[in-house]
Amino acid sequence: MSDDQQRKGRGTVFVKEEVCKGCSYCIDFCPTHALEFAREFNAKGYHYPVLGRPDDCTGCDNCGLYCPDFAIYGARWKDIDEKKKAK
Amino acid sequence: MSDDQQRKGRGTVFVKEEVCKGCSYCIDFCPTHALEFAREFNAKGYHYPVLGRPDDCTGCDNCGLYCPDFAIYGARWKDIDEKKKAK
Amino acid sequence: MHADPKGVLTGVHFIDGDHAACEGALAAGCRFVAGYPITPSTEIVERFAHRIPKVGGVFIQMEDELAASIAIQGAVWGGQKVMNVTSGPGLSLMMEHLGYAFITETPCVWIDVQRCGPSTGMPTGPAQHDMMQVKWGSHGDFQIIALCPNSPQECFDFTIRAFNMAETWRVPVFLMMDEVVGHMTERVDIPEASEIEVVERKWTKKKPGEYKVYETTPEDPVPEMVKAGDGYRIHVTGLTHNEKGYPDMTVPNQERMLGRLIGKITQNAHKLVDVREDGVEGADVVVVSYGITSRVAMAAVEQARAKGAKVGSARLVIAWPFPAERMKEIARTAKVFVVPEMNMGQMVQEVERAVAGAAKVVSVPHAGGSVHEVDTILNAIMEAAR
Amino acid sequence: MHADPKGVLTGVHFIDGDHAACEGALAAGCRFVAGYPITPSTEIVERFAHRIPKVGGVFIQMEDELAASIAIQGAVWGGQKVMNVTSGPGLSLMMEHLGYAFITETPCVWIDVQRCGPSTGMPTGPAQHDMMQVKWGSHGDFQIIALCPNSPQECFDFTIRAFNMAETWRVPVFLMMDEVVGHMTERVDIPEASEIEVVERKWTKKKPGEYKVYETTPEDPVPEMVKAGDGYRIHVTGLTHNEKGYPDMTVPNQERMLGRLIGKITQNAHKLVDVREDGVEGADVVVVSYGITSRVAMAAVEQARAKGAKVGSARLVIAWPFPAERMKEIARTAKVFVVPEMNMGQMVQEVERAVAGAAKVVSVPHAGGSVHEVDTILNAIMEAAR
Amino acid sequence: MSLLMDQSAEELECGMDNPVLPFLRKDRIPHIWCPGCGIGTTVNSFCRALGDSGMDLDKIAIVSGIGCTGRTAGYLNLDSFHTTHGRAIPFATGLKLANPDLKVVVYSGDGDLTAIGGNHFMHAARRNMDIMVVCINNFTYGMTGGQVAPTTPLGPTQTTMPFGNFESSFNLPFLADACGAVYVARWTVYHVRQLAKAMKEGLQKKGFVFIEAMAPCPTLYSRRNRLGDGVDQVKYFKERSTIKNGVDTKDVGLTYQGDIVVGKFVDRDRPTWMDSMNDHFGKVLGDKYETYGAHHG
Amino acid sequence: MSLLMDQSAEELECGMDNPVLPFLRKDRIPHIWCPGCGIGTTVNSFCRALGDSGMDLDKIAIVSGIGCTGRTAGYLNLDSFHTTHGRAIPFATGLKLANPDLKVVVYSGDGDLTAIGGNHFMHAARRNMDIMVVCINNFTYGMTGGQVAPTTPLGPTQTTMPFGNFESSFNLPFLADACGAVYVARWTVYHVRQLAKAMKEGLQKKGFVFIEAMAPCPTLYSRRNRLGDGVDQVKYFKERSTIKNGVDTKDVGLTYQGDIVVGKFVDRDRPTWMDSMNDHFGKVLGDKYETYGAHHG
Amino acid sequence: MAKTEIRVGGLGGQGVILCGSIIGKAAAIHGGKHATLIQAFGPEARGSACSAQVTVSDDVIGYPYVKNPDILVLMSQDAFNQFIPQLKPGGMVLYEAELVKPDGKLPEGVRAMGVPATRFAEELGRRLVLNIVMVGFFAGVTGLLPFEAVEKAVLDSVPRGTEELNLKALKKGYDFGREQAV
Amino acid sequence: MAKTEIRVGGLGGQGVILCGSIIGKAAAIHGGKHATLIQAFGPEARGSACSAQVTVSDDVIGYPYVKNPDILVLMSQDAFNQFIPQLKPGGMVLYEAELVKPDGKLPEGVRAMGVPATRFAEELGRRLVLNIVMVGFFAGVTGLLPFEAVEKAVLDSVPRGTEELNLKALKKGYDFGREQAV
Ligand SMILES: Cc1ncc(C[n+]2csc(CCOP(=O)(O)OP(=O)(O)O)c2C)c(N)n1
Ligand SMILES: Cc1ncc(C[n+]2csc(CCOP(=O)(O)OP(=O)(O)O)c2C)c(N)n1
Ligand code: SF4
Ligand code: SF4
Ligand code: SF4
Ligand code: SF4
């Protein structure tokens, strides 16, 4: 997400669409229900998660803790910015 | 033991001397301490039990219950007589 | 004796080799299986588990292959016909009990659906890697019988045959399938029970006092059997034993016992061997193959013939005992034996030994994981035919 | 490299083969044994348990042979030299792990003190019943090396040699003892540590980033090794794998992997074989024997010579790989091979195959439980010499 | 050939014979066990139990593994099976399921049953397989010459623990209990009457029965550890044992020559594997299902 | 060749990367597990534990047996060993004893560890071998297509229990406890944080640690029994679990879709096998004895 | 010797093997022909590509493998990419129209026809019957086997209680196929 | 090639193998000769007969078995009965005088000498050292090995702390043997 992008919630998620198997863990166990399935399929034919309600994302990384495929993780803008600076 | 033999206690023992391995179970666990080792060896070189104090034998078959080699058993005269009759 | 109709699923089926083998076992009267899952053999026990409650018998999944391979033997002495189903890694765990079945003359059928090894290897890939293992894998000298089906129909037919041989000879009988045959689906015809010949256990007619568990006659090296619970008070042991079944650990008795046990097979090998030949007379090149490879080999043989080569095919329907005599005979006319196998060269060693220099022997090995390319065998034939 | 003096009990001893083998292992640097008792091999691990606390290492008695035969492999990857000690029934339980050691190229020494089988058989009686089992007993294709000592001194010497070969080739190396050699007591000379040549593990000199666990070069088919904990983050699997050690279950990779693994032995067989010959040149009859039988056979050979027969002796110091080439050569001059073994005829089959009809091959089997009578071998020789 | 166990003239005269003989293969005795070995005494108790149970001996089978105790199968005048090391329980499982008429008894050593055979022990108890397991615990591997066993307490010397055992041992009744056995008892060779009674109860009980019988191995355990002969070990059993029926199996662990808790610890009921199978298939398949083993006794 | 797990342009820009990646062999992902398989989530938790423990990853080795879970070894960026079916524990035993520097973790399936591997499990716990055992319990044999396991509760259908399972299952924490484990916990895939914490504690604990992680196998257990997908099974874990730390392991048995007790049940101390050996030899042999493993870290 | 070689390819979970099996069964049991079905797993048992090789022949079938299929039945893009190069010149490709994009990768002279099998299946109420739609489509387009034979094979092969749904799926595919085939 | 073949026989627990082993060790390590010892168990590991075969030779020993011993050392009646027939003509028999009764079963031309080894051992305070008495007796009678060699072999072979007792037993047997040998 570039700086210019709109920052709605306290955090955001990063998704590796092609690794996702569409199990819905991240979606169902997101505490703020910020995620939803994309309408598109990935190459294997799975729907992957997208941040449907970016306002609600806290960057808590619960999705990341649950994902069995290491295909998603969340981060707080705060931490993202620090990383960026550190680069 | 033939009828004519002196019947001292309430029972007696039967010993298969050649099967005995001289472990002393029968002797040590005879409740009335009626058994003792023979001075002689059997063919394998073991001392076997003899009824040293026949007065004390009750024919309780404790020796028989303990013997690991099935080399001894006790019986009451009462029962012996019955068996004899039954023959 | 004919098959018990209860176990016979008469009709026409489109099923794979694993399922067909299970039906063969049921038709042959198998009523007890102790299993442990392993790819690519699992379907056999899965089907058995599904079918047996309605046929009358027991399936139990054991904790491991050690348990499975000895539980079946307990069941034999309890009176049932049994089988043992596994694949390479499981088979390796059963080697002690193979020897026990042999020395105690416990009739039982062992199905090995061969997958690609060594070790865990390629679990879903085919191979013919265990041909020598079943012959030599248990410690001590022993003998077995091994059949090699090449189609689901044969998986059905040969399983029945394996049961019949196990009862006849009282040695472990192996059905050496492979992943391809196990998972290949074709039409399988299951006849009426009345058309299926089944060998009954060789139950003794003697009374308890007269019977000795391993007594045999010079004419018949296979002892009669009883089951536990019938009042014979038998003793069975894996120790060197005498006719009564009692341990008798002396050299002369070892010689007597082992001589008879080994002799059951070696002295009757001529009755047991089964080679299916096609155009062997007059052939310069003879392709020796077995199992699924025989179908691939046949395609190569046909192509070679089309190219004018004089090629015959000798298929080992029974791999053990090995048809050494027949190979020797063939070697009188054939110039080259071509032996394709899905392994690095196992049965080819037996061919070499039998042929004893009288013809050239060419191994066409394959590391496993798929069948040979037809061309590979074809090239070997054409090379040999030159 | 020379032996670590800590493990070397320099001096003159009057000990049996079992104890000598243990001393050999200690001298060779073995510092970990996971055992399970079984007659007649137990003394080896008993001595190890007694000696190791003062030498620096670990002995653990496991719950069974399955555990013992894989625990040692864990220990190899933890950096130790190890051995696996058993006899027939235990060996049958280790067959799966034999394949695992082979496919993972885990260097280890396996001692089999052969007793009389099959099955429980005669536990205190000798045999040479497991010669084929170590060659073929695990599922899938594999290769091993097997040495056959015939005295306590050789039990010591050959154990060291076995360890050195295991490190050099990274295949399981077997010391094929038998009950007689194991329990026979003779003088054993243990030299100074500085006189004992020991092959160190082929540790890599590469850095973590550069190293691949199964990388080899065309010149050297044996990969370099590391141990867990050194920062290489290796992966080891019994699946068909690539140079990185990762599963790669494709037919071409299976071919590549298995080809190299098998080739390590088959292509280097000429470096490995070891036949001790006595009067083979010009002999009409050559007696091929190994292990304790070679001492009995030698007595027969001497008696036959005294009777005027032209007899040679070829003793298989290394039974596997089998010295087929040398046998072929001998067959150019010898007329008959006489092969006494304490089994129903195992290595004789290899002789037959190698000789390929160029000479007669006579098996002198023995069911086990004792060594041959000298006369039995003598008669076979005299018969052959006629 | 007359056997050592044949009736003597004296016995013939009175018509007497050793009451255990009907249960033994007379032609196999004398047995191989050492002088003072406790195994024989347990077999003696087992013979009494066979008699007391009143059961048809033709319908009782005995299965042993390998070891000194494992030889028991060869001495009993029952259908008897001497199998492979550690595998008596799965053999017995097959035997029982193939012929549900039989009462199947497994009789083997502690090493056989709980070292190499431990897995089968666990799983048979879990399944509540209908077999009775008698474990002769002599704290050592007798047959192979006295190696450490999973039952050897901390302290004593064994050939593979040449400086004394430092490895923790199992509490077998606890293990059997945790795995699901329906009857769990421990007695010693001193408790010949109680042992026979437990064995009789075990024969009559349905499900997985576990009886631990502590026995001396004078040759390789007692004498090696300067504990005297077999009889001395039995005296120790006598002196240090306390009977505590029904006690929590957690609390009956053994220590080297320490106190011993004996008794019947567990006696409960739950359906056996085969009964569960029959019940279940009966429910699910209904009339199509013919109860297995029903045609049997 | 660029890997699916390589940083995306977006990540590169922010310098972000998935926090679990340092613990994984990136070039081996995507893994083979089915959509919604819970094994991956437990591995995710394990990665967190590795990170949180602060331990040197070069000194942690992982050993697996065969099965879907068994593939875990191949995905973790540690020294990793994929052994044979059921034998991860004895392999780990050898590895640990040969190189006492290592923390050795066994990571495998319920069938692998408690069916074919049950004996090693029992004995390693008895010995208090210093290894951490993570058992992914999905109530089935995944890799071979869904056969009954010793953990399958009564009821559900499995290919070898085609009419529903009628065989009793183990209570694994109880078993581990009875055999002598020093740390015993159970969590589910729902409890990702607690699971990671337990794994971290396990990594830092000395002795035989047992962690049961309940996980869905949607392909062969959930869907076959009409329990929905993986996520539905995790929801069931959420709804029916109660945390009861320190509860008696006897009371944590599982039933089909019934209540689940999770928590840390056992956390005690007793000397490990190797420490016992060193102590004992130190005492008996005195100065002649050089503590084994002392030269190691 | 009339012989038709077919390769069915897709992903685990799509019912690829069953699709091949029904074709084989229709031929072997209800169609009076010989048929051989070979299942091919990927190297991993789980989560990967999956295919079936079906040989239908008037004569006994020896060599059972399909090296150069006459007909491809494809349900995933991966399968399409993998198997198209093996297709016999002039062969036929039947594919799931929403999951496979031929995108001009078809060799010349090949007949290719798509069917929205997943959508049809979803419309019928169960995504799972997409493979039966494919079978129907196959039967309709190729005419290799009588519809009745295929119908019987489907009935033999599906779980009890799902017959009606499956027959609908079959018919749907079949009819769609007949239209295309014209 | 001077070669002496010896068979030691008795019961398990009498120390038969150790007796043979000490003779062999004395020859091989302290006596400058070659020696081979073969242990023979009965068919059962426990509770049965037990024997040792010792070959002592100036040259390397090939065939290690003793078929026809020059010397028998016997500690039980069973061993006596079993091994006497194998004795070489003119051979020598040494036996435990209270456990073995030759009772005229000796072949002609054989030298037979008894020693009350068990009684001597009991007198020394430990029945267990009867085998060492036998070794001493053997050394005294046969003179095959120097006493010092035997002494060293005993010291090498017995548990620490029991050296004195064992040397006494050895001497006792040896002296008794020397007397007899005269
Ligand atoms: C597979 C196998 N491994 C090892 C042995 C050797 N062995 C025979 S009996 C035995 C142990 C016996 O101990 P236990 O079961 O305690 O019985 P005991 O002899 O003490 O009665 C062993 C290890 C064997 N026969 N088979
Ligand atoms: C000796 C042996 N027997 C059987 C198998 C087949 N096999 C592979 S994995 C497995 C069971 C796996 O189940 P589990 O341990 O519960 O792990 P999951 O796959 O469920 O994660 C079996 C039986 C094998 N590989 N080796
Ligand atoms: S948890 Fe992971 S695999 Fe599952 S839907 Fe979310 S991103 Fe995809
Ligand atoms: S108990 Fe038996 S063996 Fe022991 S001394 Fe008495 S009679 Fe002899
Ligand atoms: S060795 Fe021990 S257990 Fe075996 S028979 Fe002798 S005393 Fe009994
Ligand atoms: S089969 Fe089950 S355990 Fe295996 S990967 Fe799939 S969901 Fe996971």
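Worth knowing before you read on, the calculation uses all heavy atoms, side chains too, and leaves out hydrogens, waters and symmetry mates. Below, chains carry the letters A, B, ... as their sequence lines are ordered, and counting in each starts from 1.
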* side-chain contact (heavy atoms from CB on, under 4.5 Å) between D:Val213 and D:His235, worked out -> CA-CA 8 Å; D:Val213 64; D:His235 182 59; over 6 Å; no

What part of [X] gets closer than 4.5 Å to chain D, counting heavy atoms only: side chain, backbone, both or neither?
X	result
F:Ile66	neither
F:Asp27	side chain
F:Leu285	side chain
F:Ala92	neither
F:Phe81	both

Looking at [options], which one has more heavy-atom pairs under 4.5 Å with chain D than the rest?
options	answer
F:Lys103, F:Lys96, F:Met274, F:Arg25	F:Arg25
F:Ile60, F:Asp56, F:Leu102, F:Val104	F:Leu102
F:Ile62, F:Thr93, F:Leu76, F:Thr84	F:Thr84

* Given side-chain hydrogen bond (donor to acceptor under 3.5 Å, both in side chains), test D:Asp248 with D:Thr250 step by step and report yes or no. => CA-CA 6 Å; D:Asp248 179 355; D:Thr250 57; 3.2 Å; yes

* To do: With side-chain hydrogen bond (donor to acceptor under 3.5 Å, both in side chains) as the test, would you mind laying out the steps for F:Thr272 and F:Asp130 before giving the verdict?
  => CA-CA 6 Å; F:Thr272 66; F:Asp130 185 15; 5.6 Å; no

* To do: Show the numbers, then the answer: is there a ring pair (Phe, Tyr, Trp, His ring centres under 6.0 Å) between F:Tyr183 and F:Phe210?
  => CA-CA 6 Å; F:Tyr183 183 104; F:Phe210 178 68; over 10 Å; no

* Salt bridge between D:Glu224 and D:Lys202, side-chain N to carboxylate O under 4.0 Å? ->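 Judged by the 4.0 Å cut-off on N to carboxylate O distance, D:Glu224 and D:Lys202 do not form a salt bridge.
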
* To do: In plain terms, say whether D:Glu23 and D:Arg47 are close enough for a salt bridge, that is, a side-chain N and a carboxylate O under 4.0 Å apart.
  =>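 Salt bridge: yes.
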
* To do: Could you please state which residues from residues 115-127 of chain F sit under 4.5 angstrom from chain D, measuring non-hydrogen atom to non-hydrogen atom, sorted by number, or 'none'?
  =>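 Expected list: F:Asn119, F:His120, F:His123, F:Arg127.
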
Among the options [options], pick out the one with the most heavy-atom pairs lying under 4.5 Å from chain F.
options	value
D:Thr104, D:Val76, D:Val58	D:Val58
D:Pro53, D:Gly79, D:Gly238, D:Ser69	D:Pro53
D:Thr237, D:Val236, D:Ile234	D:Ile234
D:Lys244, D:Glu96, D:Gln73, D:His97	D:His97

* Exercise: identify the closest heavy-atom pair between F:Thr83 and F:Gly65 ->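 Smallest heavy-atom distance, with atoms named: OG1-CA, 3.8 Å.
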
* Which atom names give the shortest non-hydrogen contact between D:Gly24 and D:Thr159, and what distance separates them? ->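 Smallest heavy-atom distance, with atoms named: C-CG2, 3.9 Å.
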
Any chance you could measure [X], atom [atom1], to [Y], atom [atom2], to the nearest 0.5 Å?
X	Y	atom1	atom2	result
F:Asp58	F:Asp79	CG	CG	7.5 Å
F:Ile39	F:Thr69	CD1	OG1	3.5 Å
F:Ile29	F:Met5	CD1	CE	5.0 Å

* Compare all side-chain heavy atoms of D:Leu91 with those of D:Phe174 and state whether any distance is below 4.5 angstrom. =>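 Yes. Closest side-chain heavy atoms under 4.5 Å.
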
* **Sequence-distant partners of F:Ser108, side chain to side chain donor-acceptor pair (under 3.5 Å), two or more places apart** =>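 Partners of F:Ser108 by the side chain to side chain donor-acceptor pair (under 3.5 Å) criterion, ordered by chain and then number, come out as F:Asp112.
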
* Pick one of side chain, backbone, both or neither for D:Lys81, based on which atoms fall under 4.5 Å of a heavy atom in chain F. =>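 Looking at D:Lys81, nothing touches chain F.
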
* Atom group of D:Ala34 that falls short of 4.5 Å from chain F, counting heavy atoms ->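 Neither part.
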
